[in-house]
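Everything below concerns the one structure shown next.
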Amino acid sequence: DTQEEETITPERAEEVKLKAKYPNLGQKPGRSDFLMKRLQKGQKYFDSGDYNMAKAKMKNKQLPSAGPDKNLVTGDHIPTPQDLPQRKSSLVTSKLAG
Amino acid sequence: FLGAGGGNDIQWCFSQVKGAVDDDVAEADIISTVEFNHSGELLATGDKGGRVVIFQQEQENKTQSHSRGEYNVYSTFQSHEPEFDYLKSLEIEEKINKIRWLPQKNAAQFLLSTNDKTIKLWKISERDKRPEGYNLKEEDGRYRDPTTVTTLRVPVFRPMDLMVEASPRRIFANAHTYHINSISINSDYETYLSADDLRINLWHLEITDRSFNIVDIKPANMEELTEVITAAEFHPNSCNTFVYSSSKGTIRLCDMRASALCDRHSKLFEEPEDPSNRSFFSEIISSISDVKFSHSGRYMMTRDYLSVKIWDLNMENRPVETYQVHEYLRSKLCSLYENDCIFDKFECCWNGSDRQIIFHRTVTFFLPSLCSIVMTGSYNNFFRMFDRNTKRDITLEASRENNKPRTVLKPRKVCASGKRKKDEISVDSLDFNKKILHTAWHPKENIIAVATTNNLYIFQDKMN
């Protein structure tokens, strides 16, 4: 119905498009998803238990079998200080000064 | 063309471009802030790699009256380094979020630079003499055998090649749990504020081991968080007044005389929303990314995703003027949300405070400007200017293709829909990776600095 289309604002039309792609969007109670993401910028989790397990694994290849799930590995996916990309500061001079 | 009043149209010409030519942009080279000092003689940039580069305008050559002095590199230093807070499992970026200059008090220059967590006061000083003729040391620094010293002389200062040194004089750390988005120096030139997502702190420039919390909007229960602080600035004249903007499009003005903790605003600036226009995007695009007082302090300007608004401090219920920066993006919000561009934080700035009128190259009058022009960036390396008096606006492009000095920049036009005219560019052809987030206007002259992703452009008013 062309009359209905005329009354939809461009913004609303974009919203319909977005909801069509992501039907679960905006359904969580706290509308602060963006805000929480903004506040948590830079968060990289480190678990000292997992870190030590991974360190122990490197020293001693044989781990005591933990049970049926022998292939379950902990400490591999959580970053350890060594795994973190080397955040060295830029030793190179800025190209603006070149 | 844009009129600056009185038939004095500003015609912008390319002056200089700094930075690498190649398209492959290193992360560290992304420019994150641009700021002129109070005289306009110095221009500072900060980047994602934590480096500051300062340019100095060369002295005006009286015979070269067809252009104002060029900006050349004066000093460059590493301001911040990447850190990892092991206690909080937090990676702290070295990116310089803001630079603010202090007014010059003596021979040295001072600026504040900040990353997400730490503010630093830098002293930039010149050394053009060095002492020579020590009794106990050779010229290269080696100590002489004291038994060979038979006469005494007084060391003297001799000229040397100019050396510009930057040294950190104060480090203001450990006062922000969240990420610092703004710093603003008070008109008392003794204190300054720093704002993060939820709190604003007041510092004294001489004191680094403590700061006062003046705004705290952190809810007791973080699940109830609905709003964050996006920018803050001190009033240019009233040392007790500051404003802060929010992600919901409001601005709060606070008076520090009212109470120690300014949780209750003195004024709340908010434009009423038309409920029929509300959509999923409404709040996101209303988030204010920058707030700037006019030089007189009577007005303030805010930038949200699609517009620039001018507010009269005496009127809280709506802005006095609204300028559309790129309204054609309203029908592209879905894809702009998907590629995160909808969260881009554009800044805005006023024209300089003094307007020069030159008669016959011999007599110069300075007229106080009425803060009549505002400038802000957009996509495709376009930037926009709005003349508040004539209500005219212009779109210009920062591109190496417009490289000829003293050639007036050609205005650009975006075709929103329908048939595209010659020389127009359609919305779908815009490059959303080419964002101009940071621009600055010389405090006294018609010189502007425009930052693309990794290049700094300087444009000047065409002088006749």
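Worth knowing before you read on, the calculation uses all heavy atoms, side chains too, and leaves out hydrogens, waters and symmetry mates. Numbered from 1 within each chain, the chains take letters A, B, ... in sequence-line order.
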Under a 4.5 Å heavy-atom cut-off, does chain B meet the side chain of A:Lys41, its backbone, both or neither?
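For A:Lys41, backbone and side chain are both near chain B.
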Using non-hydrogen atoms only, which part of A:Ala13 is less than 4.5 Å away from chain B: side chain, backbone, both, or neither?
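Contact with chain B is absent: no heavy atom of A:Ala13 under 4.5 Å.
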Does a side-chain heavy-atom distance below 4.5 Å link A:Lys21 with B:Glu338?
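The answer is yes, as the side chains (C-beta and beyond) meet within the 4.5 Å cut-off.
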Student check: side-chain heavy atoms of B:Phe432 and B:Asp344 closer than 4.5 Å
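No; the side chains remain at least 4.5 Å from each other.
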With a 4.5 angstrom heavy-atom cut-off, is it the side chain or the backbone of [X] that approaches chain A, or both, or neither?
X        : value
B:Asn277 : both
B:Asp116 : side chain
B:Ser331 : both
B:Thr177 : neither
B:Ile54  : neither
B:Ser287 : neither
B:Phe77  : neither
B:Tyr74  : neither

Between B:Phe281 and B:Tyr305, does a ring pair (Phe, Tyr, Trp, His ring centres under 6.0 Å) hold up when you go through it step by step?
CA-CA 11 Å; B:Phe281 304 109; B:Tyr305 189 61; 10.0 Å; no
State whether B:Arg51 and B:Asp29 are salt-bridged, where the test is any N-O pair (Lys NZ or Arg NE/NH1/NH2 against Asp/Glu carboxylate O) under 4.0 Å.
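Looking at B:Asp29 together with B:Arg51, the answer is yes, because their closest N to O distance falls below 4.0 Å.
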Selection from B:Leu336, B:Leu333, B:Ile285 maximising heavy-atom pairs under 4.5 Å formed with chain A
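Most heavy-atom pairs under 4.5 Å with chain A: B:Leu333.
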Quick check for you: among B:Asn72, B:Leu90, B:Val73, which has the greatest number of heavy-atom pairs under 4.5 Å with chain A?
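The candidate making the most pairs under 4.5 Å is B:Leu90.
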Any luck finding a side-chain donor-acceptor pair between B:Ser245 and B:Thr230 under 3.5 Å?
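Side chains of B:Ser245 and B:Thr230: pair found under 3.5 Å.
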Check whether the side chains of B:Glu227 and B:Thr250 place a donor and an acceptor atom closer than 3.5 Å, and report yes or no.
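Result is yes, a qualifying pair exists.
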Please give me the minimum heavy-atom distance between B:Ser79 and B:Lys120, naming the atom from each residue.
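Taking every non-hydrogen atom into account, O-NZ, 2.8 Å.
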Hey, can you tell me if B:Tyr71 and B:Phe36 have their rings parallel, tilted or perpendicular (30° and 60° cut-offs)?
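Judged by the thresholds at 30° and 60°, the geometry between B:Tyr71 and B:Phe36 is perpendicular.
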